[in-house]
K.L.:
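Structure in structure tokens, see below.
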Amino acid sequence: MSIRGIDVSDYQPNINWQAVARDGIAFSFVKSTEGATFVAQSFARNWAAMKAAGIQRGAYHFFRPASSIQGQIDLFLKTVKLEPGDLPAVLDLETTGGLSVGEFCDRAAIWLQAVEKATLMRPIIYTYPGFWDNLGTKRFADYPLWIAHYTSAEEPWVPGGWKTWTFWQYSDTGSVSGISGNVDTNIFESVREGAQSYKVADIQRELRIKGFYQGAMDGKFGATTTAALISFQKSQGLNPDGIASLKTWAALMRKSPKVVVPPPTPTPAPTPTPISGVRLTQVFSSYKASASQDTALIWLQSQVPTSVLGEFAQKWRATPLPQDSNLRLIDVGKYYRGLAQQDQALDWLQKQISPAIITEFAQKWRSQSIVTNSPIRLIDACKFYRAAPQQNQALDWLEGRISPAILSEFFRRWQDANR
């Protein structure tokens, strides 16, 4: 079922939101900020009026890649205060600002990660096919997509590695009661039992992360998925109809705040390894693609001369490459497998970086990577495994929280050990 929505900015002054709601509009995105200094004049008025009219609301930030990233983060978070029921923040990506694709993506990633951490909701990316296809990147395909594509086709064009869309802006000449002139019109497709799509797989994944679903993430909306969704809806005080509507989707996107539970008895803190002793091979062997790790690697790459990165790329790939064919250190982390050639390249790179930079990088890397000792070892879990239902549920829960890359590497090592 299609749920109708709109998006507005200062170009639509004096909106009658009660009339908009009576016209069947269920949600709206409103422009809040742009760059590091601009706040939409109509935002505060629209933000309050949408809530009063019972319209589910969202706010978008128009990204200026060359402007201060921290300034843009601070401005958005100061201007927009998301409440339960609101839609996730939106990053509007329509220009590179003259930057390279790599620089553009790295700077956008910093905004996305910071806003996700502050709002406890994974932001939505707004873009259009022509812009994104010209970038030639598949980064951010794990973020919800709001795509602008004005076409008579039944579905919009989905670019850049995304498997599906979440919101579709299908026209910029819509007409809605309460708004003078044209307005952008959008839809969100709710899904229910019997559906089979990538959207269903996304719902299953979120339900599993929250502990409500233990079935296969196969994109098939069957009775098991319906039952899990109803349980989740009841836990959130939503209408338990088993339909993944917009309100249910928004609740699924909201993360639970982390609660630190003190241990029953204090344990002495382990003696830290001297920060100056960090090795890049150790860093990449522990890479888990977390936001804090990516931020640290982006910082480190910015400290290394381009010529050094170019030579490192040649050693990493063991093939002659142009000097500007640099690897991104984030990609090094994704494809590191502990091969001798990879270790040699990383050891060479470490020798080219000053100890002061390595020390500062280690501080950034470890500041968000310190974890307490696990109360259980997987070896011990294997010893006591009896295929009991609760044991299987616990293992399925754990598997849903481990990245595919880590699982693949574990499987490879497991196979090697049994040969």
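Positions are given from 1 along the sequence. For clarity, every value in this text was computed on a predicted model and none was experimentally measured. Side chains are part of it too, since the values below use all heavy atoms of this structure and drop only hydrogens, waters and symmetry mates.
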K.L.:
For the residue pair H149 and W168, what are the closest heavy atoms and their distance?
P.N.:
O-NE1, 2.8 Å

K.L.:
Below 4.5 Å, heavy atoms only, C-beta onward: do W249 and P88 meet side chain to side chain?
P.N.:
yes

K.L.:
Looking at D10 and S42, would you say the former's side chain and the latter's main chain have a donor-acceptor pair under 3.5 Å?
P.N.:
yes

K.L.:
Do the side chains of I353 and V304 get nearer than 4.5 Å, heavy atoms only?
P.N.:
yes

K.L.:
To the closest 0.5 Å, what do you measure between OH (Y126) and CH2 (W132)?
P.N.:
13.0 Å

K.L.:
With distance as the sole test, does R57 use its side chain to make a donor-acceptor pair with the main-chain N or O of L82 at under 3.5 Å?
P.N.:
no

K.L.:
How long is the gap from CD on E155 to CD on E189, to the nearest 0.5 Å?
P.N.:
7.5 Å

K.L.:
Apply side chain to side chain contact (heavy atoms under 4.5 Å, CB included) to A195 and list each qualifying residue two or more places apart in sequence or on a separate chain.
P.N.:
V191, V200, F221

K.L.:
Who passes salt bridge (charged side-chain N to carboxylate O under 4.0 Å, His left out) against R64, sequence neighbours left out?
P.N.:
E34

K.L.:
What's the verdict on side-chain contact (heavy atoms from CB on, under 4.5 Å) for V8 and M50, showing C-alpha distance, side-chain angles and the deciding distance?
P.N.:
CA-CA 11 Å; V8 299; M50 285 190 291; 5.8 Å; no

K.L.:
How far does CZ of R208 sit from CD1 of I203, to the nearest 0.5 angstrom?
P.N.:
14.5 Å

K.L.:
Hey, could you give me the CG/CD distance between L229 and Q204, rounded to the nearest 0.5 Å?
P.N.:
10.5 Å

K.L.:
Any chance CD of Q352 has more than 12 other-residue heavy atoms, nucleotides or ligands included, within less than 6.0 Å?
P.N.:
yes

K.L.:
Less than 4.5 Å apart, side chain to side chain, heavy atoms only: is that true for V283 and Q350?
P.N.:
no

K.L.:
Would W146 and D7 count as a side chain to side chain donor-acceptor pair (under 3.5 Å) if you check the C-alpha gap in whole Å, the side-chain angles of each, and the deciding distance to 0.1 Å?
P.N.:
CA-CA 11 Å; W146 176 14; D7 61 274; 5.1 Å; no

K.L.:
Which atom pair, heavy atoms only, marks the closest approach of L75 to T37?
P.N.:
CD2-N, 3.6 Å

K.L.:
Which atoms form the tightest heavy-atom contact between D294 and Q113, and what is the distance?
P.N.:
CB-NE2, 4.0 Å

K.L.:
Would you call D347 and R279 a salt bridge, taking side-chain N to carboxylate O under 4.0 Å as the test?
P.N.:
yes

K.L.:
To the closest 0.5 Å, what do you measure between OG1 (T33) and CZ (F63)?
P.N.:
11.5 Å

K.L.:
Where the side chain of Q233 meets the backbone of D241, is there a donor-acceptor pair that is under 3.5 Å apart?
P.N.:
yes

K.L.:
Minimum heavy-atom separation for K31 and A40, please, with both atom names.
P.N.:
O-CB, 3.4 Å

K.L.:
Kindly indicate whether the side chain of E83, heavy atoms from C-beta on, has any atom under 4.5 Å from the side chain of K51.
P.N.:
yes

K.L.:
When you measure from the centre of the six-membered ring of W165, is the NZ or CZ of K199 closer than 6.0 Å and no more than 45° off the axis?
P.N.:
yes

K.L.:
Would you please indicate if the ring centroids of F167 and F27 are separated by under 6.0 Å?
P.N.:
yes

K.L.:
Closest heavy-atom contact between L207 and F232?
P.N.:
CD2-CB, 3.7 Å

K.L.:
Do T248 and I243 have side chains that approach each other closer than 4.5 Å (heavy atoms only, starting at C-beta)?
P.N.:
no

K.L.:
My understanding is that only one of T185, D184, I187 makes a side chain to side chain contact (heavy atoms under 4.5 Å, CB included) with Q169; could you say which?
P.N.:
D184

K.L.:
Does a salt bridge link D202 with K163, judged by any charged N lying under 4.0 Å from a carboxylate O?
P.N.:
no

K.L.:
State plainly whether the residues R328 and D106 are in salt-bridge range, i.e. N to O under 4.0 Å.
P.N.:
yes

K.L.:
Can you list the residues that meet the side chain to side chain contact (heavy atoms under 4.5 Å, CB included) rule with Y128, with sequence neighbours excluded?
P.N.:
E94, F131, A148

K.L.:
How many angstroms lie between CZ in R254 and NZ in K210, if you round to the nearest 0.5 Å?
P.N.:
10.0 Å

K.L.:
S32 side chain to Y60 main-chain N or O, any donor-acceptor pair under 3.5 Å?
P.N.:
yes

K.L.:
Give a yes or no on whether Y198 atom OH has more than 12 heavy-atom contacts from other residues, nucleotides or ligands under 6.0 Å away.
P.N.:
no

K.L.:
A side-chain contact here means heavy atoms from C-beta on lying under 4.5 Å apart; do K364 and T295 qualify?
P.N.:
no

K.L.:
Which heavy-atom pair separates P159 from W157 by the least distance, and what is that distance?
P.N.:
CD-O, 3.5 Å

K.L.:
Run the side-chain contact (heavy atoms from CB on, under 4.5 Å) check on L300 and L280 step by step: do they pass?
P.N.:
CA-CA 11 Å; L300 179 61; L280 291 182; 4.3 Å; yes

K.L.:
Does any part of the side chain of Y143, heavy atoms only, come nearer than 4.5 Å to the side chain of E116, both counted from C-beta?
P.N.:
yes

K.L.:
Can you tell me if R192 has over 12 outside heavy atoms packed within less than 6.0 Å of its CZ?
P.N.:
no

K.L.:
Take Q72 and I69 through the side-chain contact (heavy atoms from CB on, under 4.5 Å) test and state the conclusion after the steps.
P.N.:
CA-CA 5 Å; Q72 297 189 67; I69 301 302; 4.0 Å; yes

K.L.:
Before you tell me yes or no, could you show the steps for I125 and W162 under side-chain contact (heavy atoms from CB on, under 4.5 Å), namely the whole-Å CA-CA distance, both residues' side-chain angles and the distance that decides it to 0.1 Å?
P.N.:
CA-CA 11 Å; I125 288 180; W162 277 284; 4.1 Å; yes

K.L.:
Going by the angle between their ring planes, with limits at 30° and 60°, are F312 and W316 parallel, tilted or perpendicular?
P.N.:
tilted

K.L.:
Keeping K234 on the side-chain end and P240 on the backbone end, is there a donor-acceptor pair under 3.5 Å?
P.N.:
no

K.L.:
Flag the pair L135 / T127 as yes when at least one side-chain heavy-atom distance between them is below 4.5 Å, and no otherwise.
P.N.:
no

